[in-house]
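Step one of this worksheet: look at the structure below.
Predicted model only: the values in this text are computed from it and were never measured.
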Amino acid sequence: MEKHRPYGSSDLMSMVQENSAYYINKNGNTFDKINNQLFITVPLVPFPAFAQYLHLAESNASQFEEFERMTFPVDHLGKGNYMAFKISGDSMNGGGIDDVPDGSIVLAREIGMHLWKDGFRKTKHGFVIVTTTNIMVKDIIEQVDAEITCQSRNKSPEFTDFVLSLADVRKIFHVVKRVM
């Protein structure tokens, strides 16, 4: 099996740019097919750009032109809203194979607010939670009414579980892929 170069590498990005888009979903995510492999290109939100991302998300801006783009191999065309996030911190690094260490980049699909009432299932890499003041990656281990309990995978004492009101949450993304 052919191993792909790091996602977002200049070689891969130039290959994607040379080919016309295979499919663009209604959220503006671009899919390309190169050598029978499907790729998605999405905006990358670096954690330091939180304020800029929140402003664009709140204004329903569909274009994040200021952000770098990342390309990930995928196995199907997705109809959802996908974003990439650069991870900062070690709260989700507990030493497990599916953990999300500092510096990782994740591909995540937005979960519509109308689906939050159904609760959140355990996931391989966790969730990106965008609040009014922060972006974080956590596991959601419980939901009671309009509150979720967030958990880190790092068991160090500074990373304790906490409850978050969904009234303070603007978006929740399911992490579907992680690269380091």
- Heavy-atom closest contact (Gly103 atom, Lys86 atom, distance): O-NZ, 4.2 Å
- Query: Checking side-chain contact (heavy atoms from CB on, under 4.5 Å) for the pair Ile87/Asp102: CA distance, chi angles, key distance, verdict?
  - Reply: CA-CA 6 Å; Ile87 305 307; Asp102 182 52; 5.6 Å; no
- Message: Any heavy-atom pair between the side chains of Val130 and Val169 that's under 4.5 Å?
- Response: no
- Answer yes or no: is there a side-chain heavy-atom contact under 4.5 Å between Arg109 and Asn81? no
- Are the side chain of Arg178 and the backbone of Asp99 linked by a donor-acceptor contact shorter than 3.5 Å? yes
- Task: Mind running ring-ring contact (aromatic ring centres under 6.0 Å, His included) on Phe173 and Phe85 for me, showing each step along the way?
- Result: CA-CA 10 Å; Phe173 292 82; Phe85 294 87; 5.1 Å; yes
- Given side-chain contact (heavy atoms from CB on, under 4.5 Å), test Thr160 with Glu158 step by step and report yes or no. CA-CA 6 Å; Thr160 60; Glu158 67 263 29; over 6 Å; no
- Task: Measure the shortest side-chain to side-chain distance between Lys79 and Leu77 over non-hydrogen atoms and say whether it is less than 4.5 angstrom.
- Result: no
- Checking Trp116 side chain against Ile111 main chain: does a donor-acceptor pair fall under 3.5 Å? yes
- Can you tell me if Asn27 uses its side chain to pair, donor with acceptor, with the backbone of Gly80 under 3.5 Å? yes
- Working to the nearest 0.5 Å, report the span between CG of Leu166 and OG1 of Thr131. 11.5 Å
- Query: Between the side chain of Glu110 and the main-chain N/O of Met83, is any donor-acceptor distance below 3.5 Å?
  - Reply: no
- Task: Of all the heavy-atom pairs spanning Gln143 and Lys117, show the shortest one and how long it is.
- Result: NE2-CA, 4.3 Å
- What heavy-atom pair brings Ser152 and Ser91 nearest, and what distance separates the two atoms? CB-O, 3.0 Å
- Determine yes or no for a side-chain-to-main-chain donor-acceptor pair under 3.5 angstrom, with Lys177 supplying the side chain and Pro73 the backbone. yes
- Between CG on residue Leu38 and CG on residue Asp75, distance to nearest 0.5 Å: 8.0 Å
- Task: Report the relative orientation of the aromatic rings in Tyr23 and Phe31; use parallel for angles under 30°, tilted for 30 to 60°, perpendicular for over 60°.
- Result: tilted
- Any sub-3.5 Å donor-acceptor pair from Ser156's side-chain atoms to Phe159's backbone N or O? no
- Query: Is a side-chain N or O of Asn154 found less than 3.5 angstrom from the main chain of Asp90, in a donor-acceptor match?
  - Reply: yes
Below 3.5 Å, can you tabulate the donor-acceptor pairs from side chains in residues 118-127 to any protein atom, sequence neighbours excluded?
residue : atom : partner : partner atom : Å
Thr123  : OG1  : Gly126  : N            : 2.7
Thr123  : OG1  : Gly126  : O            : 3.3
His125  : ND1  : Asp98   : O            : 2.9

- Query: For Lys26, does the NZ atom have more than 12 heavy-atom neighbours from other residues, nucleotides or ligands under 6.0 Å away?
  - Reply: no
- Message: Is the shortest side-chain heavy-atom distance between Met180 and Pro101 below 4.5 Å?
- Response: yes
- Spacing of CZ belonging to Phe162 relative to OG1 belonging to Thr149, to within rounding of 0.5 Å: 9.5 Å
- Note on the structure: Rounded to the nearest 0.5 Å, the CD atom of Gln151 sits from the CG atom of Asp161 at a distance of 4.5 Å
- Message: To check you understand the geometry: which heavy-atom pair defines the closest contact between Glu147 and Ser165, and what is its length?
- Response: CG-CA, 4.2 Å
- Is the backbone of Val74 close enough, under 3.5 Å, to the side chain of Gln37 for a donor and an acceptor to pair up by distance? yes
- Query: Nearest 0.5 Å, what's the CD1-CZ distance between Ile172 and Arg170?
  - Reply: 11.5 Å
- Test side-chain contact (heavy atoms from CB on, under 4.5 Å) on Arg69 and Val42 and set out the steps. CA-CA 5 Å; Arg69 303 268 179 209; Val42 299; 5.8 Å; no
- Task: Might you work through the side-chain contact (heavy atoms from CB on, under 4.5 Å) test for Ile129 and Lys138, ending with a clear yes or no?
- Result: CA-CA 7 Å; Ile129 303 168; Lys138 299 292 175 198; 4.2 Å; yes
- Message: Quick check against the 3.5 Å criterion: does Asn25 have a side-chain atom that pairs as donor or acceptor with the backbone of Gly78?
- Response: yes
- Query: What residue among Asn29, Thr71, Thr30 forms side chain to side chain donor-acceptor pair (under 3.5 Å) with Thr41?
  - Reply: Thr71
- Task: Determine, using the 4.5 Å side-chain heavy-atom cutoff (strictly less than), whether Ile141 and Val175 are members of one ILVMFWY cluster.
- Result: no
- Could you check if a side-chain atom of Met70 sits within less than 4.5 angstrom of a side-chain atom of Ile105, using non-hydrogen atoms only? yes
- Rounded to the nearest 0.5 Å, what separation is found between the OG atom of Ser88 and the CE atom of Met136? 13.0 Å
